[in-house]
Every structure is written in C-alpha cells, then in structure tokens.
Protein chains: 2
Amino acid sequence: MAETRWLNDEEQRTWRSFLLASRLLFERVERQLKQDADISFAYYEILTRLSEAPGRTMRMADLAAACVFDRSRLSHAIDRLVRDGWVRRVPCPSDTRGQLAELTDEGMEKVRQAAHDHVEQVRSLLLDRLTLDQRTALQEISEALATGIADMPKLISMGWPSR
Amino acid sequence: MAETRWLNDEEQRTWRSFLLASRLLFERVERQLKQDADISFAYYEILTRLSEAPGRTMRMADLAAACVFDRSRLSHAIDRLVRDGWVRRVPCPSDTRGQLAELTDEGMEKVRQAAHDHVEQVRSLLLDRLTLDQRTALQEISEALATGIADMPKLISMGWPSR
DNA sequence: AGCAGGTAGTTGAAATTTCAGCAGCTAATG
DNA sequence: CATTAGCTGCTGAAATTTCAACTACCTGCT
C-alpha cells in the first residue's frame, strides 16, 4: 500500500472549515428546533418532506433517500411519528411489499408551527451571512458534490476473488 | 407573531443542496471509515485531534469544542476509547476539576492506520470534485459561517422577565 | 475567610441510531 | 412456469447520543 498522500495546508483548511461550519450549523438548527418546537431535525425533515409530497404521502424508500436515512432508521423513526399521531402507515396499492407514510392533519399542523422559527434560523445562520455570489457558489458546489457522490457506488469493493 | 417568511426558490435550493451534499458526504465518510478501519468518524476525529495536540493531550472541554461535541457525549465517548486502550485519562495539573485525554501509542497507531484511506476518501468525495476556485470559495464561505455562528449566543433567550 | 456564581467533567436513564438478519414480494431469466 | 436475484420494509439487540441532574472546584467579591 502506497504512502499516505496527506492533505496540504490549503486542502486541509478547506476540508476542516467545511466540516466545522456544517457541524456548527446543524448543531444550531437542531438546538433551535428542539427548543422552540420540541422536535428533532430528523423528525422535522421527515414531516416536511411528507408535507410537500403529493397526497402528503411517500414510499418509505423514497422518503429514506430524501432524508439520507437508511431504511432501518426511517422505519424506527416512523414508528415514533406514528405513536405521536403525526404520521400514518398506509399499504402501497401498486406494490404489496411497500408501505406509504402519510402525514396526518396533526402532523401538518406540527410542521407549520415549527417551520416559522426554523426558517428564520436558516436565514440568520446561513443565508444572511453570505453574499449573493457566495450563495450561488455554495449552491453550485453543493450540487456538484451531491451529484458526484450519488453517482459513486456506496461501497468500494476491494480485491474481490475473481470468480 | 408575524407571517412565516418562506424561502424563495433560490434560497430554498441553496439550503437544500447544502444539506443534501453535506449529509451524503458525511455518510460516505462514516461508511468508509467503518468499513476499512472499523471505527466511527466520531472516534476517529477525537483520536486525530489528540494526535495533533502537544503531548498528544487535550483538556476535555477543548477537545469537545474542537469536535463540536457536548461535554456529556465526549465523556461517554472517551469512556469507550479508554476501554479500547486508545486513550488514557490524566488529571489536569493546573486545575483539579480538569481532566486531560491522552492518546496512547495504540491509539496513535490506530489513527495512522485509519488515516490513509480516509484521506483518499476526502479527496475523492470533496477535493477532487471541485475546481481550485470552488475550493477557495468553499473555504471562505465555511469560515464566514463558522465565525458567524461561533459569535452567536447558543440559545436565543426569548421574552425574559425584565428584572 | 466566606459566599455567589460560574465552570469542569461525570453519571444514569431515556431516546435514538446502527447493525445484522429476516420474511415476503417482484422481476428478470431461461 | 420455475428459479433466482434483488428489493422493501421491519425487527430486536447493541451501540451511541441526548437529557437532566449532580459533585467538585475555581474565581471574584466582600
């Protein structure tokens, strides 16, 4: 195995500042939602996605992909949202294996109520701190990264016995 | 309370693409570390910070701040790293309350071993996908965000009884 | 010295996420 | 049609993180 190609200063600084900024940002977003609306960002995001979906309904797998959850995590999370009365499970008509998660009226109300302060927070932590150029740049960068990553295989298969 | 100032399309797209990209990125980084080095990114980061610190040693609170962990999370995490023999706890000489986390030789070896593939992953997921201009922009944006957030109070005190 | 208020780190329990594996179903192949 | 590979979602247990105290100690003030 070759020598480790360490990051140079510029590379290091880019990666670390990105890491730091994202984490500080998400930490604040989480904290604010928990404090003002008593809901975690994970749940808030699920509810939001559903609220935007046609029929307030999504297939479990699609919802998981949208939220970048694995299936198991989503499954447990939906259990809890169902328990709280914000989501309902509906069998999928076109695929017997499938389940749809449907947002209830209570769930819809919950998102609405939580959204107000959340949006303000996103503005003050992210949008208001950047120039228009920076926002554009960030968007382009993010989209490039997301596209690139989505195209890559999830697991790097290494040295597989060749048949 | 005023009407919710929803994000317009451009704002929405910036925020969501940033959200998506960061999560995909961190998800891959986590997965790779787990797969190749059998360690979570959280632990890897703790070990890394310690490996760079003078004397391979840091105060708990500083380490927590560097990793954007709360104290409790760090405390539990260090428990586990101590159990695994990668970290040692040392009382702080200057402050009786304090503790120092010290990286053991085994811990150092673990970081070294994990770092190789991790660095490659950071390159292929992030650095190699951006132009030099984009890397510069991302760095500036991240630093602006991090600075801004660090300056803000953690909790928005609302409607406090005026004395 | 004695006290008030803040800081450092830990603790245990509850909540959440991860992990491995499973059962049922679909779809492609021959 | 039968086979088989792959997908869908769920489950339970283990690992981790969050939450709310709590102890011990430091700092500045009187």
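First the proteins, then the strands, lettered A, B, ... as listed; each starts at 1. For clarity, every value in this text was computed on a predicted model and none was experimentally measured.
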To the nearest Å, give me how far apart [atom1] ([X]) and [atom2] ([N]) are.
X	N	atom1	atom2	result
Asp79(B)	dT11(C)	CG	P	6 Å
Phe41(B)	dT18(C)	CZ	P	15 Å
Ile78(A)	dT17(C)	CD1	C1'	15 Å
Leu100(B)	dA8(C)	CG	P	13 Å
Leu74(B)	dT17(D)	CG	P	10 Å
Leu81(B)	dA15(D)	CG	P	15 Å
Asp84(B)	dA15(D)	CG	P	11 Å
Met58(A)	dG9(D)	CE	P	11 Å

Does some side-chain heavy atom of [Y] sit less than 4.5 Å from a side-chain heavy atom of [X]?
X	Y	value
Arg83(A)	Arg80(A)	yes
Leu145(B)	Leu125(A)	no
Arg59(A)	Gln99(A)	no
Ile78(A)	Arg89(A)	yes

* **Side-chain cluster (under 4.5 Å, hydrophobic types only) that Val90(B) belongs to, other residues** =>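 Members besides Val90(B), by chain and number: Leu100(B).
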* To do: May I ask you to decide if Trp86(A)'s main-chain N or O and Asp84(A)'s side chain share a donor-acceptor pair within less than 3.5 Å?
  => no
* Main-chain N/O of Val122(B) paired to Arg28(B) side chain as donor or acceptor, under 3.5 Å -> no
* To do: Over 60° means perpendicular and under 30° means parallel, so classify the ring planes of Phe18(B) and Phe18(A), tilted if in between.
  => perpendicular
* To do: Measure from the side chain of Ser75(B), starting at C-beta and using heavy atoms only, and say which of dT16(C), dT10(C), dT16(D) lies closest.
  =>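 Given the options dT16(C), dT10(C), dT16(D), the side chain of Ser75(B) is closest to dT10(C).
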* **Sugar-phosphate only, base, or nothing, as touched by Arg80(B) at under 4.0 Å among non-hydrogen atoms** =>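 Since a base atom lies under 4.0 Å of Arg80(B), the category is base.
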* Do we get Arg23(A) above Phe26(A)'s six-membered ring, with its NZ or CZ under 6.0 Å from the centre and within 45° of the axis? -> no
* Between Arg71(A) and dC7(D), is there a side-chain N or O to OP1/OP2 distance below 4.0 Å? -> no
* Asked: Is there a residue in residues 87-97 of chain A whose heavy atoms reach under 4.0 Å of DNA chain D, and which residues are they?
  ->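 Those residues are Arg89(A), Arg97(A).
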* **Closest-nucleotide ordering on DNA chain C, the 5'-leading residue of Gly98(B) and Tyr43(A)** =>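 The residue whose closest nucleotide sits nearer the 5' end is Gly98(B).
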Please produce a list of atom pairs where a protein N or O lies less than 3.5 Å from an N or O of nucleotides 12-14 of chain C.
unit_1  : atom_1 : unit_2   : atom_2 : d
dG12(C) : O6     : His76(B) : NE2    : 2.9

